[in-house]
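Given the structure is predicted, the values throughout are model-derived calculations rather than measurements. Protein chains get the first letters and strands the later ones, always in sequence-line order, with residue 1 at the start of each.
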Amino acid sequence: MITEIRDKVAEQLEKLDGIVALRSTEDGAAPYLFQQGDNLEELVMNPRYPLSKTASKLQKRFKDAKLGVVARGCDVRALVEMAKRNQIDPDRLVVIGVTCTSEEAEFCFCAEPAPNLDQWSGSTLIGEPVPGAPPNPIVAEYAQIPYAERWAFWKAQFTKCHKCFGCRDICPVCFCEACALEDPLWVEPGLLAPDFPMYHLIKAQHMTTRCVGCRQCEMACPADIPLTVLYDLVRQDVAELIGYVPGADINEMPPFTLTLADAAIESDLVY
Amino acid sequence: MDYKNIQTICPYCGCGCALNLEVIDGEIVGVLPANDHPVSQGSLCIKGWNAHAFVGHEDRLKKPLIRKNGQLEEVSWNEALKLVAKNLGSIQKKHGADSIGVLTSAKCTNEENYLLQKFARAVIGTNNVDHCARL
Amino acid sequence: MTNSIPEFEDADCVLITGSNTSEAHPLISTRIMRAKAKGAKIVVVDPRTTQMSLLANLHLKQQPGSDVAWINGMMNVIINEGLADDVFIEKRTEGFDELKAAVAEFTPEYVEEISGIPAYDLVAAAKMYAEADAASIVYSMGITQHITGVDNVLSCANLAMLTGNMGRPSTGVNPLRGQNNVQGACDMGGLPNVYPGYQKVSDPDIQAKFEKAWGIRTENGGRKTGSGLLSPVTGLSDKVGLTVTEMVELAGSGEVKTLYIMGENPLMADADINHAKKCLKNLDFLVVQDIFLTETAEIADVVLPGASFAEKDGTFTATDRRVQLVNQAIEPVGESKADWEIINMLAKEMGASGFDFSSPEEIMAEIAALTPIYGGYSYERLKNGNVLQWPCPDAEHPGTPYLHKDKFSRGLGKFHGIEYKAPAESADDDYPLTLTTGRIMFHFHTGTMSRRAEKLNKEVPEAYVEIHPEDAIKVGINGHKRVTVSSRRGEIELATRVTDRIKPGVVFIPFHFAEAAANALTNSAFDPVAKIPEYKVCAVKIQTTADPVLEVCNESYKSKN
Amino acid sequence: MELIQIQEDFEPKVVAFLCNWCSYAGADNAGISRLQSPANILPIRVMCSGRVSPEMIFRAFRSGADGVMVLGCHIGDCHYINANHRTVKRMPLLKNLLGYVGINPERFTLDWVSSAEAPKFARVTKSFVNTVRELGPIAAEMSVEPIFVTDELVNLAAEELVGV
């Protein structure tokens with residue numbers, strides 16, 4: 001499959017200014033902007049990095065460039081959410097979608113391992129789509145755990161927190177320049193572990209309509225906190241309560257966005 | 001148009017975590033963790049995530065400075081090196097090599113530390129070499 | 001470190017003392033937390049409540065400076081309970097009787113008197129440590145920065161040897177080095193008594209080897225070059241040089257005329273910096289090579305702009321002896337130059353030979369040729385993500401994850417019977433509180449780098465003193481947010497954090513802040529062997545700073561009545 | 001037995017975010033109409049229930065509130081046309097999230113009270129306070145202890161010491 005991806009990238013590079021993908025060299029693997037003439041043998045698919053953020057950075061910096069990105073399912077979902085929030089210009093981005101294997105999907109409890117490229121013009125999908133993996137079993141069991149136990153569990157987990165902001169910095173859909181987590185009004189600065197539950201509740205609340213389930217936060221966490229358990233629960237709620245699935249439809253506005261067109265009284269908005 | 005990540009080692013504590021410096025057109029724009037590193041394993045602490053922040057700071061020294069009339073003034077490399085060489089030489093001649101002390105650095109590379117202690121021992125001729133390991 | 005960082009994960013017990021691991025070495029605390037998740041016991045001995053102590057199974061709060069006492073106490077318990085590793089003691093060590101005699105008087109009750117650690121806690125900690133299969137000791141500056149620093153370190157080694165926790169994975173005595181390359185600076189001979197690789201300057205064979213390699217004594221006996229600027233060096237000195245603490249002291253008395261400082265900031269890092277400043281100002285000539293105009297650079301005669309870590313190639317040696325490549329990401333800013341280039345240029349300016357390096361890679365080749373423990377290193381090997389921990393004597397050697405596997409470097413491990421000595425300065429009536437200093441998560445050392453990083457400085461923008469509520473009441477911190485902390489050596493004004501995370505009678509100040517430098521207060525009395533000043537204990541008093549608004553109110557109140 | 005005693009004595013602190021255009025006036029109205037509403041309510045006037053950010057609610061709990069209520073305009077009556085649509089989408093998510101970390105979601109409520117609905121204001125506040133009273137103090141559940149002791153606590157400690 002990797003040769004297929006490299007061939008596709010080579011083909012697309014004829015038309016595009018550059019393609020964001022992972023490059024592995026003797027120093028390690030990291031995101032890179034491939035351009036014509038680069039050694040495509042260095043292009044790899046692992047490990048994972050927030051490529052949507054890289055693409056956003058590059059699009060903002062090079063305002064006329066037409067770029068491509070080699071993206072997995074979660075990367076494409078992140079690109080969709082970033083595009084909705086004006087961090088990505090979809091017209092200037094071509095996606096080379098790559099499906100994950102079923103093992104990878106299982107590892108991530110990923111419900112949608114194949115990228116959905118319907119809304120990305122000029123994009124191609126490489127690999128056979130595999131069915132979604134079952135969700136994290138803890139999420140289903142969570143309803144049975146009493147509140148006091150939940151509190152004790154998260155308190156123990158978050159006492160380990162180093163306040164590295166890594167979960168935010170690695171998140172492919174976090175981009176605000178002024179972050180609520182750095183606002184002394186909400187999170188008292190300079191404390192270790194950061195104030196529980198403020199820091200982590202705010203982070204979780206901010207993930208509600210954004211989290212695309214890529215699990216990079218959990219992997220970047222130096223304290224091994226199972227963050228995605230919390231975020232999965234939140235994602236489930238968003239789908240059930242307001243029928244919004246982050247990353248699904250590029251034309252659907254994020255649910256907390258208010259426009260005057262939305263002013264008509266909706267009969268289902270009854271609490 | 002150029003975007004790359006350079007893997008390097010964090011300049012803060014002694015854990016020796018690897019990190020990637022995100023470079024766009026010769027400017028560092030951010031840090032990414034290094035996933036395949038045996039110690040950091042794709043994680044960093046807050047200092048690591050901000051390891052690039054001081055590199056482009058406006059306070060960075062950009063030219064050699066020499067104290068003239070009590071004030072530090074910008075001068076050329078040539079002038080600064082000549083002055084250092086002259087003064088180190090005259091003090092070494094007048095007061096002996098052991099009147100000169102050299103502090104190497106726990107923040108510089110092995111090569112630089114090696115070179116500086118070689119300079120102290122082989123050129124100046126003193127074992128007055130130390131660094132802040134004690135501090 | 002005798003062992004490597006990933007090994008902590010598999011330890012059965014980790015004893016942390018004098019180290020705020022999660023703040024000063026976050027990614028090492030990750031491993032310790034993982035060990036805990038796997039069922040290991042964590043014991044923290046620290047006068048402050050830290051994140052690690054909150055996660056620990058047992059937290060003992062000792063009085064600063066009482067480390068020898070409680071470690072001896074633990075050994076006393078271990079010997080009396082029959083938990084010592086007799087086989088290891090028999091086969092690998094000597095001097096056990098001396099140790100046994102020395103610790104005999106340190107009963108848990110006696111230790112409680114000295115250190116304030118409850119006797120039953122000490123017994124529990126001793127058992128936890130001794131009963132574990134693989135137990136690691138982790139320490140940092142809280143152990144070394146005392147006038148008894150060497151004694152403390154030897155005590156830790158005694159404890160590890162007594163229980164046979166040496167020379168196996170996940171055991172050992174693990175000092176966590178505080179700077180990215182402090183290990184490397186020591187390895188590279190940045191010490192007054194050794195050449196690179198800890199080869200003694202007093203050893204004639206070693207001296208001859210370096211004289212030959214550095215071209216000081218050529219075949220026909222003379223020195224090759226000389227510009228006339230210097231008296232030519234005709235042989236390497238076999239005299240052990242001065243330590244940084246001595247250099248500063250002798251600069252004050254005029255015996256040291258010149259200091260050449262590369263990338264260090266002694267005017268923030270030294271103990272009793274007011275005194276240090278006076279001494280350094282007395283120098284005839286001070287050269288500082290740094291990336292910022294540090295407190296030290298401000299009083300220098302010449303400041304040379306160096307390049308930061310992102311602007312040069314090279315290697316750093318991490319705390320577990322892991323040599324790793326540093327890669328250049330960008331060009332040096334302005335006219336700044338990599339420090340090795342500067343030294344090269346300066347040496348050439350002075351007419352010296354042997355400084356014709358065109359890249360750090362070439363320097364590494366010379367290091368490898370002259371330093372047995374670095375013998376197997378080359379940039380070629382270090383690329384491709386290879387992890388190589390020294391000793392790595394030749395190009396085939398795979399590196400050494402843990403030391404002292406079958407024998408200690410001196411052969412048998414020697415037990416040292418160590419007596420408890422009180423710190424140089426204890427709290428008294430005039431200065432009733434004990435000050436201890438340290439680092440916090442969000443800043444680094446003298447703050448030269450971290451205080452210029454916006455996000456880090458935002459977390460903790462100013463200095464503060466941590467004080468226990470009981471002491472806060474005694475001092476009268478009541479609505480007052482700012483206080484003056486003074487010792488016999490200086491005073492600083494800073495904010496307060498009233499917290500029960502610290503022991504009553506003890507206050508803590510992070511030393512990162514130039515405007516309220518904790519080291520203006522600290523005591524420069526130092527360990528007689530290692531010459532490490534006693535940063536961790538000194539006596540201070542705290543007074544509330546006059547509140548201008550309150551004073552005006554008081555004045556007007558008085559004038560009306 | 002003793003525990004129940006404590007629970008009966010327990011008077012909860014409830015932070016209420018009231019919309020300037022409806023529930024705040026409604027509260028006023030309740031006062032003028034001499035309708036009794038519980039004294040446990042600590043009202044905070046906001047310009048719109050849509051302005052109440054989740055951070056505010058978390059902070060209220062973190063500061064020791066035993067319950068938090070948000071009262072806004074009925075859907076369709078919002079002074080800012082549709083700003084309370086945001087409230088109605090956001091708050092249920094937040095309520096669940098509180099539950100996920102172990103804060104009983106019953107400690108939070110969202111309701112609509114117009115300026116004319118003084119009786120409703122009295123009713124919802126009374127019933128919510130009763131609910132929270134039954135749940136007991138949040139400290140027992142959450143064990144949130146302040147990390148850095150504030151001046152007030154120092155004063156308190158001082159009094160205690162003097163007492164000893």
Where on C/Tyr374 is there a heavy atom nearer than 4.5 Å to chain B: the side chain, the backbone, both, or neither?
-> side chain
Could C/Lys312 and B/Glu111 be called an ion pair, given the rule that one side-chain N must be under 4.0 Å from one carboxylate O?
-> no
Contacts of type ring pair (Phe, Tyr, Trp, His ring centres under 6.0 Å), residue C/Tyr260, not counting sequence neighbours = none
List in chain and number order the residues that pass ring pair (Phe, Tyr, Trp, His ring centres under 6.0 Å) with C/Phe442, two or more places apart in sequence or in another chain; answer none if no residue qualifies.
-> none
Taking C/Lys257 for its side chain and B/Lys94 for its backbone only, find out whether a donor-acceptor pair lies under 3.5 Å.
-> no
Can you check whether C/Met441's main-chain N or O pairs, donor with acceptor, with B/Lys47's side chain at less than 3.5 Å?
-> yes
Can you find a heavy atom in the side chain of B/Arg60 that is under 4.5 Å from one in the side chain of C/Ser308?
-> yes
Side chain C/Glu264, main chain B/Leu103, donor-acceptor under 3.5 Å = no
What part of C/Phe316 gets closer than 4.5 Å to chain B, counting heavy atoms only: side chain, backbone, both or neither?
-> both
List the steps and the verdict of side chain to side chain contact (heavy atoms under 4.5 Å, CB included) for C/Phe309 and B/Tyr12.
-> CA-CA 10 Å; C/Phe309 80 108; B/Tyr12 284 107; over 6 Å; no
Nearest-0.5 Å distance that lies between atom CG in C/Asp339 and atom OG1 in B/Thr109 | 7.5 Å
Residue selection (most heavy-atom pairs with chain C, distance under 4.5 Å) from B/Ser99, B/Gly16, B/Ala53 = B/Ser99
Could you tell me whether a side-chain N or O of C/Asn180 sits under 3.5 Å from a main-chain N or O of B/Pro11, the two making a donor and an acceptor?
-> yes
